[in-house]
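See structure below.
Predicted model, so just to flag it, every value in this text is computed and none were measured. So you know, we letter chains A, B, ... as the sequences are listed, proteins then strands, and number each from 1. Both backbone and side-chain heavy atoms feed into the values below; hydrogens, waters and symmetry mates do not.
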There are 2 protein chains.
Amino acid sequence: MQDNDPLRSAATAPGVSRYGRIAAQLQRKIVDGEWQPGSAIPAESTLAAEFGIALGTIRQAIAVLVQEGLLERVQGKGTFVRNGLTGASMMRFFRFRADTAAPGSFATGIEPGLAIPRSEILSCRAARLDKSMAALFGLDAGARGLAISRRRWLDDKPRLIESIWLPLPRCEPLQRLPRAEWGDLLYPLLASQCGITIHRAVDEVTFRTLDADEASLLDLPDGHPCALVTRRAYDLQGHCAEYRLTRGDAYAFRYQADIR
Amino acid sequence: MQDNDPLRSAATAPGVSRYGRIAAQLQRKIVDGEWQPGSAIPAESTLAAEFGIALGTIRQAIAVLVQEGLLERVQGKGTFVRNGLTGASMMRFFRFRADTAAPGSFATGIEPGLAIPRSEILSCRAARLDKSMAALFGLDAGARGLAISRRRWLDDKPRLIESIWLPLPRCEPLQRLPRAEWGDLLYPLLASQCGITIHRAVDEVTFRTLDADEASLLDLPDGHPCALVTRRAYDLQGHCAEYRLTRGDAYAFRYQADIR
DNA sequence: AAGTGGTCTAGACCACGTA
DNA sequence: ACGTGGTCTAGACCACTTT
C-alpha cells in the first residue's frame, strides 16, 4: 500500500544522468508502440552496442523501467514489455467468500484465490462529460464519453455495481461491440478493441451508504453501508483512460497494507 | 498499495549470491545493534576493503537493505540506519479535517498535512494473553502482555479509539512509566524505554459498527459505522511487538492506493 | 581539500532457458 | 551449444556535503 501522486504520471524527470536519458528513450519506444506489450526487447548487449554505452549503464536504464513497472526481466529468456495491469481486480478489496480466518483474528496471510466475477452490462451509452471529467481525460469542455453501468456477480450473487466512464472517441469501438462479446474483463477489451494499454491505476476508498436503486441491484436493504472505490486508470502515455466508481457491501470490505 | 506476507518477516532468503550474503551480514549488524538506528555505517570503500570485495558488490548489498527499508543513502553524507517507522500514522486512513476537495470528486492529490493527534491513555494494565496473541508475539501459551486503551484527539474532538497489546516482559518499562511521560506517540516510547525499533507494520482495514461504549467515547451514536484498522507491528528482528485495533468514524475514512 | 555516495566503463564468468 | 540476464571486478571521474 503506497500513496502516490496521481498527477506525476508518465516520464519521471530522470535528472541528467546518461542511464536516465537512455531510460527515457526506451520508454518512448514502448509508449510509441515500437515495442509491443508482451514482446521481448533487444538483448542488453545489443542495446549497449546500439547506444554506444557500457553494459552496466543500459542495465541501469532498464532497471528504472522495471521499477516503473513497464518492463520485466526473465532470467535466461530476455526482457519483456509488460502487458496491462494485473492484480487490479476490485475483488482484492473484498472478501465475499467464507474465509477460514475471522476478520480481526490472526489470519494466515494466505489469499483466497482471486476469482473473476461475471460481468453484466446494465447500460452503455454515449453522453456529454461534465467539465472536470473532460479535463481528467484531457478533452475539451463539452466532450463526450461512454457511460457504462455494470454489475459483477460471484457465486451467483450480485456483489459489486460499477459506473464506468471512458473517453470518446478513443473508446468508440466499444460502442458498436455486441453485448455478447464484452466478456468479464474491461482492460483486455480496451487493449484489443481500442489499442489502449492500462498500465497504472489509482484507487481511492471511502465509505458510503447505498441508495434504494443501488441496494436493490445488490440484494441489500436501502441505506446499507458500502465501500466506494474510485478508480482513475492511465494508459502508457500517462493519459487517464478510465474513471470508475465501484460499490460493494462495506461489511465484505477488507484491505491489507504493508508499511515500512 | 502492496500486499505482503506478514510471515516472511526478516532475513529474506538471499539465494547464494555474494552480495546477498554480504547483505545478510550487514543486516545482522543492524539487528544486533552494532549499528544503531540513525547513525551512519562505514563508507562503501571501507566496507569493500573490510569484506575484500569490489565496490560494486558492496553497493549491491547495500541496495538490498535500502530496498528493505533498513538503510537510507544520502548523497555526499553517507549511508544511515533508518530510524523506526515513519508515515505509519493512523491518520493517513482518515480525513477528519475539512478538505477542499469533496470525496469522489477529482482531488488534487495534495495531502492535508498529517497532524499528530493528542493521546489520552484510558487504561493500561498487565493481563494474560490469549493463545493466538501469545503465539503472535512468539511467547508461550499463558504468557502475559500489556493491554492499553487509548483515545486520540484532534482539534479538540475525540477521533480514534485504540486497543493496544504489547508483549511482556519486553515492554515492562512502560508499566512503570508515569502517564504524564507517555507523550502522543508510542513508537518513540518503545524505542527509548524498551529498546524496540518498530521497522515494519501490516495494517488490515475492515468496516464495523461501534458498540455503545465505543460510540460514547467518540461522541457518536450507538451502532454508528466505523473503520477498524488491525495492525501488527514488527521489530528489527522480525518479531511482532505490537497488536493494535484502531477504530474511527467510517465516514471519515479514505485511503488511496497506487497499482501498477 | 577531503570524504561521501552517484555514475560509468570494459571487461570476465556464472546460471538459466531453449533448441 | 548458444543466447539470455545475473553477478563480480577494478578501476575512473562526477556531484554533493562538510571541514
Side-chain angles (χ1 to χ4, degrees), chain A residues 11-30 34-83, chain B residues 11-30 34-83:
Chain A
T12 68
V16 287
S17 64
R18 183 171 305 182
Y19 74 79
R21 279 184 285 117
I22 300 286
Q25 293 181 58
L26 302 187
Q27 178 166 348
R28 168 75 61 107
K29 283 174 188 284
I30 297 168
E34 185 173 341
W35 290 344
Q36 291 290 323
S39 65
I41 73 173
E44 294 177 345
S45 54
T46 308
L47 288 171
E50 272 180 21
F51 284 106
I53 59 174
L55 239 174
T57 305
I58 192 71
R59 281 185 62 80
Q60 213 165 347
I62 289 173
V64 170
L65 300 186
V66 168
Q67 182 65 27
E68 264 185 50
L70 281 168
L71 292 177
E72 189 173 12
R73 314 178 97 130
V74 183
Q75 158 86 272
K77 292 183 69 175
T79 302
F80 299 81
V81 181
R82 281 188 53 176
N83 286 308
Chain B
T12 68
V16 287
S17 63
R18 183 171 303 182
Y19 74 79
R21 279 183 285 116
I22 301 287
Q25 292 181 58
L26 302 186
Q27 179 165 349
R28 168 75 61 107
K29 284 174 188 282
I30 297 168
E34 185 174 339
W35 291 345
Q36 292 290 325
S39 66
I41 72 173
E44 294 177 345
S45 53
T46 309
L47 289 171
E50 274 180 20
F51 284 106
I53 59 175
L55 238 173
T57 306
I58 192 68
R59 280 185 63 80
Q60 213 165 346
I62 289 173
V64 170
L65 300 186
V66 168
Q67 183 65 27
E68 264 184 50
L70 280 168
L71 292 177
E72 190 174 11
R73 315 178 97 132
V74 182
Q75 157 88 271
K77 293 182 70 175
T79 302
F80 299 81
V81 181
R82 281 189 51 177
N83 285 308

Closest-nucleotide 5' rank along DNA chain C - winner of B:Pro42 and A:Gly56: B:Pro42
First of B:Ile41 and A:Gly52 reached from the 5' end of DNA chain C, by closest nucleotide: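 First, find each residue's nearest nucleotide; the 5'-ward one identifies B:Ile41.
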Between [X] ([atom1]) and [N] ([atom2]), how many Å, whole number?
{"X": "B:Arg18", "N": "C:dC14", "atom1": "CZ", "atom2": "P", "value": "12 Å"}
{"X": "A:Glu44", "N": "C:dC16", "atom1": "CD", "atom2": "C1'", "value": "14 Å"}
{"X": "B:Glu72", "N": "C:dG5", "atom1": "CD", "atom2": "C1'", "value": "13 Å"}
{"X": "A:Phe80", "N": "C:dG17", "atom1": "CZ", "atom2": "P", "value": "12 Å"}

Rounded to the nearest 0.5 Å, what's the gap from [atom1] on [X] to [atom2] on [Y]? Could you check?
{"X": "B:Leu65", "Y": "B:Glu68", "atom1": "CG", "atom2": "CD", "value": "6.0 Å"}
{"X": "A:Ser45", "Y": "A:Glu50", "atom1": "OG", "atom2": "CD", "value": "10.0 Å"}
{"X": "A:Leu26", "Y": "A:Arg21", "atom1": "CG", "atom2": "CZ", "value": "12.5 Å"}

Sugar-phosphate, base or nothing in reach of B:Leu55, heavy atoms under 4.0 Å: nothing
Worked check of side-chain contact (heavy atoms from CB on, under 4.5 Å) between B:Val74 and B:Thr79: CA-CA 6 Å; B:Val74 182; B:Thr79 302; over 6 Å; no
From CA spacing to verdict: salt bridge (Lys or Arg N to Asp or Glu O under 4.0 Å), A:Glu44, A:Arg73: CA-CA 11 Å; A:Glu44 294 177 345; A:Arg73 314 178 97 130; 2.5 Å; yes
First-last contacting nucleotides on DNA chain D - partner chain B, under 4.0 angstrom, heavy atom: D:dT7 to D:dT18
Residue pair B:Ile53 / B:Arg18: nearest heavy atoms and the distance that separates them: CG2-CD, 3.7 Å
Phosphate contact (C:dC16 OP1 or OP2) by A:Lys77 side-chain N/O below 4.0 Å: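 Checking A:Lys77 against C:dC16: no side-chain N or O falls below 4.0 Å of OP1 or OP2.
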